[in-house]
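Here's the structure we're looking at; comments come further down.
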Amino acid sequence: MSEPEVVHYEVVDGVAVITVDNPPVNSLGPGVREGIIAGVEKAEADANVKAMVLIGAGRSFIAGADIRQFGKPRAVLKKSSVDVLDDATKPTVAAIHGFALGGGLEHALGCHYRIAVLSAKVGLPEVLIGILPGGGGTQRLPRLIGPKAAMELIVSGRHVPAEEAKTLGIVDAITPGKDLRAEAIAYAKSVADKRPLSRIRDRKADASADPGMFEAMRKSIARRARNQKAPYHCIACVEAAVKQPFDEGIKTERRLFGELENADEARALRYAFFAEREVAKIPGAPKDFKPGKIKTAAVIGAGTMGGGIAMSFADYGIPVKVLDASRDVLDKGLQRIKDNYAISVKRGSLKQEQMDKRMALITPVERYEDIGDADVVIEAVFERIDVKKDVFAKLDAVMKPGALLLSNSSAIDTDIMAGVTKRPQDVAGAHFFAPANVMKLYEVVKGTKTSVETILRTMQVGRDIGKIAGVAGTCDGFLANRSRAPFGNEMQLMLEEGALPEQIDKVMVDFGYPIGPFAVSDLSGLDISYDTRKRRAAADPNFRKLLIPDRLVEMGRKGQKTGAGWFRYEKGDRTPHPDEVVKSVIADVARELGIAQRTFTDDEILKRLLFASVNEACKILEEGKALRASDIDAMWLHGFGFPRYRGGLMFWADGIGVKEVYRQIEEWHQRYGARWKPSALLKELADSGTPLREAKPKIAMFG
Ligand code: T1G
């Protein structure tokens with residue numbers, strides 16, 4: 001059967017309409033560029049055609065090059081489809097709805113005119129996948145809107161709403177969009193005789209008003225662009241647009257693009273892009289089941305997490321009731337939400353009317369009867385089993401049939417909550433990460449009796465509030481925290497052996513984390529894990545105590561909130577300062593435990609932390625508590641700030657090689673004992689040479 005036509009051509013009233021039809025997002029996959037070229041050539045040759053329209057079928061204009069083709073051999077066209085549009089002797093008009101991104105916007109910039117519907121978004125997001133606009137975007141956009149505005153868009157990769165695009169001069173007109181095709185044809189007719197044709201390439205990009213803009217941009221991105229090349233190459237291309245003639249600038253763009261396409265950074269970022277989309281897929285889920293959008297939500301518990309969860313719904317326009325038995329807690333909780341929004345308004349990231357709208361969507365209630373009509377309820381009460389059971393029993397009594405009964409617990413077995421209801425199939429975990437209204441990760445936990453429909457609906461709830469939703473099977477710590485726990489353990493044990501918090505934090509910040517793990521611990525508070533360790537030590541006499549953090553907490557060093565924890569803090573300053581007190585506590589404990597002190601290389605610190613988690617991730621897959629290895633990577637990117645340009649935990653470890661990972665873990669197994677015992681799956685992968693990121697669960701989570 002022949003391939004479906006991905007570009008259609010039709011002449012209407014003397015206007016050639018070239019329609020890209022390559023679902024789902026009209027990416028410039030095989031045949032699309034060729035089809036556009038063929039359409040333009042046909043229109044040029046047809047005396048009846050006075051102008052052309054380039055438009056997308058379905059929900060969008062063109063979303064860019066087909067990212068799946070990168071890193072693979074692909075047809076190189078004799079001429080660029082963008083240039084063919086630009087060189088046309090008859091006016092070409094890009095009619096934009098949905099998205100015009102990357103190569104999509106570059107095709108629109110190759111056209112002589114651009115119109116867009118109000119809801120459209122345009123952008124050059126290539127930097128987000130570790131490359132740069134390689135279809136002339138770095139040369140045309142600076143000529144169209146000025147190098148400074150263009151550089152901001154290209155280096156940030158952000159999507160620009162149509163109205164801003166009009167203001168910037170990227171689009172010539174906003175069109176009603178009732179019938180974009182007809183409106184585009186009318187627009188094309190209105191410019192059909194206009195000459196000279198407005199070719200962006202003929203303009204100049206002038207930086208004389210601010211010659212220091214490039215250096216300033218390099219300085220401003222230094223921290224977040226650490227260890228990366230693409231952002232700097234983007235700046236260099238815009239600089240070329242100012243300093244070089246167009247064709248020379250195109251050569252510079254092509255050269256710098258070639259340096260990026262197969263670099264580690266681009267491969268990792270492409271992997272992350274697809275991992276974030278794979279994580280939404282449930283193997284074997286009923287294809288015809290479409291979870292509807294939820295209309296109302298409820299949250300139990302007006303504490304920090306409950307408040308953050310409520311904000312997550314209000315941020316997306318979903319009315320949410322917050323229930324707490326104590327009016328005082330409820331008032332404090334609502335005030336905390338108000339204060340959080342007020343900070344955003346003060347910072348300028350939120351308008352006052354947006355804050356007012358969101359606050360109006362959040363309703364405090366004190367009775368369970370008040371929330372019975374909500375489509376979804378999420379409990380965020382104390383992490384105590386008895387409290388959770390009491391909440392779910394009450395929810396079971398009042399919630400309407402079919403409501404989702406979700407728990408924000410970070411570790412308690414979902415089956416325990418489901419077990420006190422008559423509807424275990426409607427119970428699942430919806431684990432947010434603090435701060436709940438900021439962190440993207442949303443871990444959906446499947447209980448033994450949770451139905452697949454409940455899982456699909458619970459994941460949709462996450463997507464409805466802008467989260468990256470991934471599924472975990474119920475077990476201690478679920479997927480994200482369980483895979484992260486060995487990292488947290490190793491960083492403590494290395495202190496006993498002679499490493500220092502500042503050395504470990506520096507290794508992880510140099511690797512690409514925004515802040516080090518000990519600084520994170522100071523942020524969240526050392527007392528939280530202290531209480532957990534005390535509970536576990538009471539329950540398990542063999543529990544391995546961690547005397548160093550225990551001592552610090554008992555000395556009142558709970559972290560930033562007490563001015564000192566792993567580090568010392570000056571008043572009003574969050575900068576962590578190494579502290580001699582901590583060094584002496586470490587030395588005392590090491591001496592008491594009789595542990596010989598030694599030095600560590602940065603490489604060993606990095607691998608001790610991350611390999612411990614790779615091994616645990618393999619155990620999670622072995623037990624079927626994750627659907628795929630890339631889900632673990634997506635969760636590490638969005639739950640723990642793992643540097644995106646390294647792809648994710650398993651992707652990064654593959655860069656070292658599964659055989660070497662296994663060898664090193666086995667060596668530590670011999671040296672440190674059981675906690676380093678390699679998982680059976682890891683050994684299997686090493687023996688077969690299968691990359692970690694391709695590891696499959698040994699047990700299917702969904703029958
Ligand atoms: N290539 C290949 N597949 C893509 C794709 C792309 N550009 N964009 C999306 N998909 C797939 C995606 O994997 C998913 O597949 C499905 O489409 C729906 O996507 C030369 C070099 C457009 C904002 O970076 O930002 O042009 O999971 O779930 O939420 O200079 O997709 O269904 O199998 O994300 O509605 C530049 C990337 C490329 C845009 C829509 N363009 N895409 O979001 O749907 S490089 C981009 C997006 C380039 C030129 C350079 C988003 C979207 P599946 P989705 P969505």
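Each ligand, and each atom within it, is numbered from 1 in the order the structure gives.
Atom 45 (S) of ligand 1 has its nearest heavy-atom neighbour, among His107, Glu126, Arg270, in Glu126. Counting only non-hydrogen atoms, the option in Phe273, Phe70, Phe99 that gets closest to atom 42 (N) of ligand 1 is Phe273. Taking each of Gly137, Ala65, Ala63, Gly64 in turn, the one with a heavy atom nearest to atom 6 (C) of ligand 1 proves to be Ala65.
In this structure, Arg201 pairs ionically with Asp247, as a charged nitrogen and a carboxylate oxygen lie closer than 4.0 Å. For the pair Lys78 and Asp83, the salt-bridge criterion is not met [side-chain N within less than 4.0 Å of a carboxylate O]. Salt-bridge annotation for Glu164 and Arg158: present, with a side-chain N of the basic residue lying under 4.0 Å from a carboxylate O of the acidic one. For Lys79 and Asp87, the salt-bridge test fails: no basic side-chain N is under 4.0 Å from an acidic carboxylate O.
Counting atoms of ligand 1 from 1 in the listed order, those under 4.0 Å from a heavy atom of Pro133 are 30 (O). Of all the atoms in ligand 1, the ones that sit under 4.0 Å from a non-hydrogen atom of Phe274 are 13 (O). Near Gly135, meaning under 4.0 Å from one of its heavy atoms, ligand 1 places the atoms 30 (O).
Among protein heavy atoms, the minimum distance from atom 35 (O) of ligand 1 is reached at Arg59 NH1, 2.8 Å. Of all protein heavy atoms, the one closest to atom 5 (C) of ligand 1 is Val25 CG2, 3.9 Å. Given atom 20 (C) of ligand 1, the protein heavy atom at minimum distance is Glu106 OE1, 3.6 Å. Residue, atom and distance of the protein heavy atom nearest to atom 17 (O) of ligand 1 are Pro24 CG, 3.4 Å. The nearest heavy-atom contact from the protein to atom 11 (C) of ligand 1 is Arg68 NH1, 4.2 Å. Nearest protein heavy-atom neighbour of atom 34 (O) of ligand 1: Arg277 NE, 2.7 Å. Here the heavy atom of the protein found nearest to atom 25 (O) of ligand 1 is Leu101 CD1, 4.1 Å. Taking atom 2 (C) of ligand 1 as the reference point, the nearest protein heavy-atom neighbour is Asp66 OD1, 3.2 Å.
Looking only at atom types and distance, the side chain of Thr92 has a donor-acceptor partner in the side chain of His112 under 3.5 Å away. A donor and an acceptor atom, one from each side chain of Gln460 and Arg457, are nowhere located under 3.5 Å apart.
Inside a 4.0 Å radius of atom 29 (O) of ligand 1 there is not any protein heavy atom.
For ligand 1, one of its N or O atoms has an N or O atom of Lys281 under 3.5 Å away. Residue Ile67 places at least one N or O, backbone or side chain, under 3.5 Å from an N or O of ligand 1. Not a single N or O atom of Pro125, backbone or side chain, sits closer than 3.5 Å to an N or O atom of ligand 1.
When the options Phe511, Trp636, Tyr645 are evaluated for a ring-ring contact (aromatic ring centres under 6.0 Å, His included) with Trp652, the one that passes is Phe511. A side-chain hydrogen bond (donor to acceptor under 3.5 Å, both in side chains) with His233 is found for one member of Arg255, Gln228, Glu259 and no other, namely Glu259.
In this structure, Asp633 has no salt bridge (charged side-chain N to carboxylate O under 4.0 Å, His left out) partners at least two apart in sequence or on a different chain. The salt bridge (charged side-chain N to carboxylate O under 4.0 Å, His left out) check on Lys251 picks up Glu248, with sequence neighbours excluded.
Contacts between Ile131 and ligand 1, counted as non-hydrogen atom pairs separated by less than 4.0 Å, involve the side chain only.
Here the shortest heavy-atom pairing between Gly103 and Glu126 reads N-OE2, 3.7 Å. The shortest heavy-atom contact between Phe214 and Pro147 is CZ-CB, 4.5 Å.
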